[in-house]
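In what follows, a structure is listed as C-alpha cells, so that the remarks can point back to it.
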Number of protein chains: 2
Amino acid sequence: MARPLRKKQIPHLQEAIKEAAWKQIAEFGAPALSLRAIARELKITAPAIYNYFPDRDALVTALIIDAFTSFGDWQIAARDSVSEDDHAGRMKAIGLAYRNWAHTFPQRYQLIFGTPIPGYEGPVEKTLPSSARSLSALVSVVEGLRVAGKLNVDTFPKVKAEYKLSFEMWKTHGGEADILSLSVAMVIWSRVHGIVSLEIQGNLPPFGAKGDALYLYELASIGRQFIKE
Amino acid sequence: MARPLRKKQIPHLQEAIKEAAWKQIAEFGAPALSLRAIARELKITAPAIYNYFPDRDALVTALIIDAFTSFGDWQIAARDSVSEDDHAGRMKAIGLAYRNWAHTFPQRYQLIFGTPIPGYEGPVEKTLPSSARSLSALVSVVEGLRVAGKLNVDTFPKVKAEYKLSFEMWKTHGGEADILSLSVAMVIWSRVHGIVSLEIQGNLPPFGAKGDALYLYELASIGRQFIKE
DNA sequence: AGTAATAAGTAAACACTGTATATTTACAGT
DNA sequence: ACTGTAAATATACAGTGTTTACTTATTACT
C-alpha cells in the first residue's frame, strides 16, 4: 500500500502537521519536537512529512513565522483598541498584550526568543517580515509620540550611521518610522522582554518575585521616562 | 581490554569531561552537546561517563553550577573593585561586568538563562545556591543603598507576604537583605537581562540596534531611577 | 480510452543519540 | 594470595532525523 485513497487522506496535511507540532510543543515543550512523533499522531510515516517540509528546520521556521504573526496580531489589536491620540494608553495596552500573549503561549514565546531546538539556526531573511511586524505596533506608537513632540529623548544616545543598512531593511517590513523611534522601541522592548522572559523561563519565582506588580511598575516606568508631560 | 593502566588514564576525568563539554558547547552550541562526542574526544567510551555523572542532565547541571559560579565571581570582583561608599559606581561596575561576562561566554549565558538542552529540566534546589550567589553582588549594592537611605522606591509596589517563603530560601544562599531590596534588584536584573539576552540571541541586529550605547543608556536610566540625588 | 508523468505515500536502511546491562580487569585492603 | 571494588569496555536497545528505492493513486495528454 504505497498511497492511500484520496478519501482516506488527511485534507490539509501541511496544516495538520503544524497543528500536531504545536500540540506536542504545548505538551512536552519545544525541544521534544519530533517528526516521528508527529507522524505517529497523524498515522502516517515520518518521511511523508518531507513532502511538505524539506527538513525539520523548515517546519520549525514555519512554526516561528506563525507564532510571530499571532504575536503581532495581539499587539496590533491591543493598540487599535485605544484611540490614536492616547499615546500612553496605546503603549500600556501593547505592553499588557505582550505579556498576556507570552503567558498564554509560553512555549511559543520560548520558541521565538529562545533557541530551544537542537541545532536549529533560524534563517533571519525568512522570519524577519513576521518578526518585524510583531514589533511594528510598539514602533508605531513611539513614532506617534515623536511626531507629536511628546517623546522624551533628552539623554538618549545618538544612533550611529553604521546601522542604517539594517534600518532600511526594517522599514520595508515594519513600516515607516524614524531611526530614533526604532531605537527607543528597542529599549522598551528589551525591558518588557527582560521581565517576561525571566518569568516564562521560571527564573523569578525562586527569588521571591512575582511578575504582576513588577511588570505594571515597569510599564509605568517606561511611560514616565519616555513620554513628556 | 576492560580497564587501561593507571598511567594511561586521564587524571581528573570528571573535570576533563566538563572541559570537553564546554569546548563542544563553545564550538557547536549547547543544544549539540553529546555524551558520545565528549567520549570520542577523550578517547573513552560513552558509558564510562556514567561513572562520573548519573546521566546527561546531571552533567548539564554541573556545567550550569560552574557557569553560575564564574558569573558570580565576575560580578563580585567588579563590585569590590569600587569603594564601598560609592554605590552608584559599584552598581555601574556590576552592570558592565554582567554584560562583559555574557559577551565573553555567550553559550554559558544561554545555558543558564535559556533552555537550549533538549529535555533538560533544571533541578532548582541544586542550582539555587550558585544562582543566588551570582545575583548577590547586585542585591548587596541595592541593600547598601537602602540602608544609606539613598534607594528611591517612592512608586515601587509593595511586596506581598505570599512570597516570603522563597525569600527565606534566598537569604540562606544570597545573603541578608531586605525583601524590598531583593525586589528592586529583580527589576534591575530584568532590565540588563533584557538587553543582554536579546543581544546574545542575535535578536537586536536585524533591527538596526547595537547594544553598546543602548546598554550604557540603560545603566544610566537605572541609576537615575533608583538612586537618590 | 489508453498511456505516460507526476504526486504522495510506504518500506527499509543509515548514522546518530542517551542509556542499561553484562563483562572484564586494574587496583586496594586484608 | 585472595577478595572486593572501581573503572573501564562491549554489546544492545529504543529513539531520533534523514536518504533511498519502490509502489501506486491521480492527473494530463494524445
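Convention: sequence-line order gives letters A, B, ...; per-chain numbering from 1.
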inquiry  = What contact category does A:Leu33 fall into here, base, sugar-phosphate, or nothing, at under 4.0 angstrom with non-hydrogen atoms?
reply    =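 A:Leu33: backbone/sugar contact only, no base atoms under 4.0 Å.
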inquiry  = Within the 4.0 Å heavy-atom criterion, would you say B:Ser34 contacts the bases, only the backbone, or no part of the nucleic acid?
reply    =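 Result for B:Ser34 = sugar-phosphate.
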task = Could you tell me how the ring of B:Phe113 sits relative to the ring of B:Tyr98: parallel (under 30°), tilted (30 to 60°) or perpendicular (over 60°)?
result =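 Geometry flag for B:Tyr98 against B:Phe113: parallel rings.
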ask   = Which of these nucleotides, D:dG17, D:dA7, C:dT17, is closest to any side-chain atom of A:Leu35?
value =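 Shortest atom-to-atom distance from the side chain points to D:dG17.
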task = Measure from the side chain of A:Arg36, starting at C-beta and using heavy atoms only, and say which of C:dT17, C:dT10, D:dT16 lies closest.
result =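 Given the options C:dT17, C:dT10, D:dT16, the side chain of A:Arg36 is closest to D:dT16.
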Roughly how many Å is it from [atom1] in [X] to [atom2] in [N], rounded to a whole number?
X: B:Gln24; N: C:dC16; atom1: CD; atom2: P; answer: 14 Å
X: B:Asn51; N: D:dT5; atom1: CG; atom2: P; answer: 16 Å
X: A:Phe28; N: D:dT16; atom1: CZ; atom2: C1'; answer: 16 Å
X: B:His12; N: D:dA7; atom1: NE2; atom2: P; answer: 13 Å
X: B:Ile44; N: D:dA6; atom1: CD1; atom2: P; answer: 18 Å
X: B:Ile38; N: C:dT17; atom1: CD1; atom2: P; answer: 11 Å
X: A:Leu59; N: D:dT16; atom1: CG; atom2: P; answer: 15 Å
X: A:Arg56; N: C:dT17; atom1: CZ; atom2: P; answer: 14 Å

Extract from the structure each pairing of a protein N or O with an N or O of nucleotides 19-21 of chain D at less than 3.5 Å, listing the distance.
none

key: salt bridge (Lys or Arg N to Asp or Glu O under 4.0 Å) contacts touching residues 90-104 of chain A (sequence neighbours left out)   =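 Every pair satisfying salt bridge (Lys or Arg N to Asp or Glu O under 4.0 Å) with a residue in residues 90-104 of chain A: A:Asp80-A:Arg90, A:Arg99-A:Glu199, A:Arg99-A:Asp212.
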message = Considering only residues two or more places apart or on different chains, which pairs with a residue in residues 184-194 of chain B satisfy salt bridge (Lys or Arg N to Asp or Glu O under 4.0 Å)?
response =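 Salt bridge (Lys or Arg N to Asp or Glu O under 4.0 Å) check on residues 184-194 of chain B returns A:Glu218-B:Arg191.
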Less than 3.5 Å apart, which donor and acceptor atoms pair up between the side chains of residues 12-21 of chain B and the rest of the protein, not counting sequence neighbours?
unit_1: B:Lys18; atom_1: NZ; unit_2: B:Asp66; atom_2: OD2; d: 2.8

Side-chain donor-acceptor contacts of residues 39-49 of chain A below 3.5 Å, not counting sequence neighbours, with atom names and distances?
unit_1: A:Glu41; atom_1: OE2; unit_2: A:Lys23; atom_2: NZ; d: 3.0

task = Could you list the residues that satisfy side chain to side chain contact (heavy atoms under 4.5 Å, CB included) with B:Ala102, not counting sequence neighbours?
result =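 Partners of B:Ala102 by the side chain to side chain contact (heavy atoms under 4.5 Å, CB included) criterion, ordered by chain and then number, come out as B:Tyr109, B:Val196, B:Ile200.
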query = Once you round to the nearest 0.5 Å, how far does OG of A:Ser140 lie from CD of A:Gln75?
reply =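 It comes to 10.0 Å.
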query = Taking only side-chain nitrogens and oxygens of B:Tyr52, does any of them come within less than 4.0 Å of OP1 or OP2 of D:dA7?
reply =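 B:Tyr52 to D:dA7 OP1/OP2: no side-chain N or O under 4.0 Å.
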task = Please figure out whether B:Ala46 or A:Ala48 has its closest DNA chain C nucleotide nearer the 5' end.
result =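 Comparing both residues, the 5'-ward one is A:Ala48.
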